[in-house]
Engineer: 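This is the structure, below, for whatever I ask next.
All values derive from a computational prediction rather than experimental measurement. When a residue number appears, it is its place in the shown sequence, counting from 1. For ligands, and for the atoms within them, numbers begin at 1 and follow the listed sequence.
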Amino acid sequence: MTNSPRTPGIAPARLPREAYARNFADVEPPLDAHEAMVAADRCYFCHDAPCITACPTAIDIPLFIRQIQTGQPEGAAKTIFDQNILGGMCARVCPTEVLCEEACVREAAEGKPVEIGRLQRYATDTLMQRGVHPFERAAPTGKRIAVVGAGPAGLACAHRLAMKGHDVVLMDAREKAGGLNEYGIAAYKTVDNFAEAEVNWLLQIGGIELRTGQRLGRELSLAALEAEYDAVFLGLGLAGVNALRSEGEEHHHVQDAVDFIAGLRQAGDLSTVAVGRDVVVIGGGMTAVDAAVQSKLLGAENVTIVYRRGQDRMSASTHEQDHAASKGVRIVTGAAPLRIIGGDHLEAVEFAYTEEGPDGLTPTGETFRLKADQVFKAIGQHLAGAPEDVHIEAGKIAVTGPGRTTRLGVWAGGDCATGGDDLTVTAVAEGRDAAEDIHATLVGAAQLAAE
Ligand SMILES: Cc1cc2nc3c(=O)[nH]c(=O)nc-3n(C[C@H](O)[C@H](O)[C@H](O)COP(=O)(O)OP(=O)(O)OC[C@H]3O[C@@H](n4cnc5c(N)ncnc54)[C@H](O)[C@@H]3O)c2cc1C
Ligand code: SF4
């Protein structure tokens, strides 16, 4: 007998085979050349363009849109990559509705911004599909730099350093490079193994040696890296998952949402990914939405996101929340988990209604239960495995300016470092800026030594 959305418990293959391809197809299909022209024509090419200021990597948006409009998509791509070497991924995953497109003057005037994200994708795809890498390395500097963590921050840092003529060794604990681009972003945002293709394209710059299966704290130590390399950059992301602190949390059908998504992203055949009939996702951010939507797309019958505060406090954008609702995900706000109920199989989650007052969040005394055979925890990630030698502040590696840690010669950026807002594009900006500072520091020191 085949499974269906109503099959009890946690089961794979709930849908007909062809449904997976349809459900996990590109959420926002690319523009064709004509559509790109029409979209580019809407740009006013503003002086002091607010969209540039709203972009964490400060891409010259009016310039690249003008280049598209004048039939130079590859020039447009170069303009984007000058600032953001992962401009292809960012075009797919940036919450543009709260960044550049929110700032666009046409959004303010008409409630319909220029489609900056889709235009960026059109330009970057055009260049990348030709397999062309638009940068060359500067003359060798003789400096060697260790970059630990091959997520967006580490990749951007490594690429910029390689461009400047340094030799980079890029190390990561996992089997593949890409960080959350490879293991975390929702599958329907980055189809056709784009994350892997982008890493391979980026490495075409040369001068970057990738070593996977290398974990800081296991195969690697900061002291050894400092001794061997001229500088170290840490782009470790946030590897730890926050606990619910609810009774029954250790039940084997309560899983970290990020692990579920990583498994799904690495599954060659999505019909093999098991999902519950009744899924409850606890959290209010992008991870919660992604776990919930993908559960639904895998064929779960009922999927509910439960968030402890009001809807306006959810960190998932309204756009993301609407997307979840459009896929049939229910969102319940103002409720916190009390206990997970079940024996061998999970049965339900009990929640307490909450209210926010001057003393913070308090239970109202009223409770309710949601049927569940699978629960995903998505209440945030934290830094795990950072070396003891660097100062930690508010749970992250303390940095000043362009990623300088308290330890001379060690930089950090992306989600693992203070500042920023835990987005792909911010990680790219921080990796790039740290690379510029490492370069200035090393070259400055070399010049002083020569004088
Ligand atoms: C489920 C999910 C969905 C998301 N969706 C979006 C989205 O749609 N749009 C968006 O803008 N942002 C999204 N984000 C946030 C975004 O993915 C991150 O902000 C971004 O990946 C941070 O980049 P990073 O390089 O700092 O860290 P990561 O991408 O986490 O990369 C860190 C790398 O370091 C490696 N590493 C960790 N510890 C060690 C160690 N001790 N030794 C060696 N290597 C180590 C890891 O294996 C990993 O490859 C999402 C996050 C999650 C969890
Ligand atoms: S704000 Fe909008 S209209 Fe103005 S330059 Fe940016 S994209 Fe174009």
Engineer: Can you tell me the protein heavy atom closest to atom 14 (N) of ligand 1 and the distance?
Structural biologist: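 Checked against all protein heavy atoms, atom 14 (N) of ligand 1 sits closest to Met286 SD, 4.1 Å.
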Engineer: Show all protein N/O/S atoms under 2.8 Å from atom 6 (Fe) of ligand 2, or state that there are none.
Structural biologist: Cys51 SG
Engineer: Between Asp290 and Arg265, is there a side-chain N and carboxylate O pair less than 4.0 Å apart?
Structural biologist: no
Engineer: Just to be sure I read this right, does ligand 1 sit under 4.0 Å from the backbone of Val148, its side chain, both, or neither, counting only heavy atoms?
Structural biologist: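 It is the side chain that touches ligand 1; the backbone stays farther off.
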Engineer: Applying a 4.0 Å heavy-atom criterion (strictly less than), which segment of Ile261 is in contact with ligand 1: side chain, backbone, both, or neither?
Structural biologist: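 Side chain only.
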Engineer: Going by the angle between their ring planes, with limits at 30° and 60°, are Phe135 and His159 parallel, tilted or perpendicular?
Structural biologist: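 Correct class here is perpendicular.
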Engineer: Where is the nearest protein heavy atom to atom 3 (C) of ligand 1: which residue, which atom, and how far?
Structural biologist: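 In this structure, atom 3 (C) of ligand 1 has Asp290 OD2, 3.4 Å as its nearest protein heavy atom.
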Engineer: Give the residue and atom name of whichever protein heavy atom lies nearest to atom 11 (O) of ligand 1, and the separation in Å to one decimal.
Structural biologist: Thr424 N, 3.1 Å
Engineer: Counting only heavy atoms, which portion of Ala153 has something under 4.0 Å from ligand 1: side chain, backbone, both, or neither?
Structural biologist: both
Engineer: Is the closest N or O pair between Val93 and ligand 1 shorter than 3.5 Å?
Structural biologist: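 N/O-N/O distance under 3.5 Å: yes.
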Engineer: Do Asp82 and Arg432 sit within salt-bridge range, that is, some charged N less than 4.0 Å from a carboxylate O?
Structural biologist: no
Engineer: Got the closest protein heavy atom to atom 29 (O) of ligand 1, with its distance?
Structural biologist: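 Checked against all protein heavy atoms, atom 29 (O) of ligand 1 sits closest to Leu180 N, 2.9 Å.
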Engineer: With a 3.5 Å cut-off and sequence neighbours excluded, list the donor-acceptor pairs that the side chains of residues 37-45 form with protein atoms.
Structural biologist:
{"residue": "Asp41", "atom": "OD1", "partner": "Gln69", "partner atom": "NE2", "Å": "2.9"}
{"residue": "Arg42", "atom": "NH1", "partner": "Pro113", "partner atom": "O", "Å": "3.0"}
{"residue": "Arg42", "atom": "NH2", "partner": "Glu110", "partner atom": "OE1", "Å": "3.3"}
{"residue": "Arg42", "atom": "NH2", "partner": "Lys112", "partner atom": "O", "Å": "2.8"}

Engineer: Has Thr441 got a side-chain atom pairing as donor or acceptor with Asp437's backbone, closer than 3.5 angstrom?
Structural biologist: yes
Engineer: Would one find an N or O of Leu216, backbone or side chain, under 3.5 Å from an N or O of ligand 1?
Structural biologist: yes
Engineer: Any chance the side chains of Gln266 and Glu182 put a donor and an acceptor closer than 3.5 Å?
Structural biologist: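 Yes, Glu182 and Gln266 have a side-chain donor paired with an acceptor closer than 3.5 Å.
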Engineer: Checking His133 side chain against Trp201 main chain: does a donor-acceptor pair fall under 3.5 Å?
Structural biologist: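 Present.
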Engineer: Tell me whether ligand 1 is touched by Glu430 - counting only heavy atoms on the residue side and a distance under 4.0 Å.
Structural biologist: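 Distance cut 4.0 Å: Glu430 fails for ligand 1.
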Engineer: Between Glu35 and Arg118, is the closest basic N to carboxylate O distance under 4.0 Å?
Structural biologist: no
Engineer: If you define the side chain from C-beta out and look only at heavy atoms, does anything of Tyr188 sit under 4.5 Å from His323?
Structural biologist: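 Yes, side chains in contact.
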Engineer: Between ligand 1 and Ala173, is the shortest N or O to N or O distance under 3.5 Å?
Structural biologist: yes
Engineer: Ignoring hydrogens and geometry, is there a side-chain-to-backbone donor-acceptor pair from Glu28 to Arg92 under 3.5 Å?
Structural biologist: no
Engineer: Going by atom types only, do Thr79 and Asp60 share a side-chain donor-acceptor pair under 3.5 Å?
Structural biologist: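 Not at all, the side chains of Thr79 and Asp60 share no donor-acceptor pair under 3.5 Å.
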Engineer: Heavy atoms only: which of Gly179, Pro152, Cys157 is nearest to atom 24 (P) of ligand 1?
Structural biologist: Pro152
Engineer: Could you tell me whether ligand 1 has any atom less than 4.0 Å away from a heavy atom of Ala239?
Structural biologist: no
Engineer: Less than 4.0 Å is my threshold; does some heavy atom of Gly217 fall inside it relative to ligand 1?
Structural biologist: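 Checking ligand 1 against Gly217, which is what was asked, there is no heavy-atom contact under 4.0 Å.
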Engineer: Closer than 3.5 angstrom, by distance alone: can the side chain of Asp415 be matched with the main-chain N or O of Leu238 as a donor-acceptor pair?
Structural biologist: no
Engineer: Which residue supplies the protein heavy atom nearest to atom 37 (C) of ligand 1, what is that atom called, and how far is it?
Structural biologist: Leu236 O, 3.0 Å
Engineer: Answer yes or no: is there an ion pair linking Arg144 with Asp230, defined by an N-O contact shorter than 4.0 Å?
Structural biologist: no
Engineer: Looking at His34, I'd like to know if its NE2 atom is crowded, meaning that more than 12 non-hydrogen atoms belonging to other residues, nucleotides or ligands lie closer than 6.0 Å.
Structural biologist: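 At most 12 heavy atoms, drawn from other residues, nucleotides or ligands, come within 6.0 Å of this atom.
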Engineer: Heavy atoms, side chains only, cut-off 4.5 Å: are Arg308 and Ile379 in contact?
Structural biologist: no
Engineer: Check contact between Arg218 and ligand 1, using heavy atoms of the residue and a distance below 4.0 angstrom.
Structural biologist: no
Engineer: Does the distance from a Lys or Arg side-chain N to an Asp or Glu carboxylate O, for Lys377 and Glu249, drop under 4.0 Å?
Structural biologist: yes
Engineer: What is the nearest protein non-hydrogen atom to atom 31 (O) of ligand 1, stated with its residue, atom name and distance?
Structural biologist: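 Looking at atom 31 (O) of ligand 1, the protein heavy atom closest to it is Gly151 CA, 3.4 Å.
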Engineer: Kindly confirm or rule out an N or O of Asp422 lying under 3.5 angstrom from an N or O of ligand 1.
Structural biologist: yes
Engineer: What protein heavy atom lies closest to atom 18 (C) of ligand 1? Include the residue and the distance to one decimal.
Structural biologist: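 Atom 18 (C) of ligand 1 sits closest to the protein heavy atom Asp415 OD2, 3.2 Å.
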Engineer: Give the residue, atom name and distance (to 0.1 Å) of the protein heavy atom nearest atom 35 (C) of ligand 1.
Structural biologist: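 Going by distance alone, atom 35 (C) of ligand 1 is nearest to Asp172 OD2, 3.2 Å.
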Engineer: Going by distance only, is there an N or O of Lys189 that falls short of 3.5 Å from an N or O of ligand 1?
Structural biologist: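 It does: an N or O of Lys189 is found under 3.5 Å from an N or O of ligand 1.
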Engineer: Heavy atoms only: which of Ile185, Val425, Val289, Thr426 lies closest to atom 4 (C) of ligand 1?
Structural biologist: Ile185
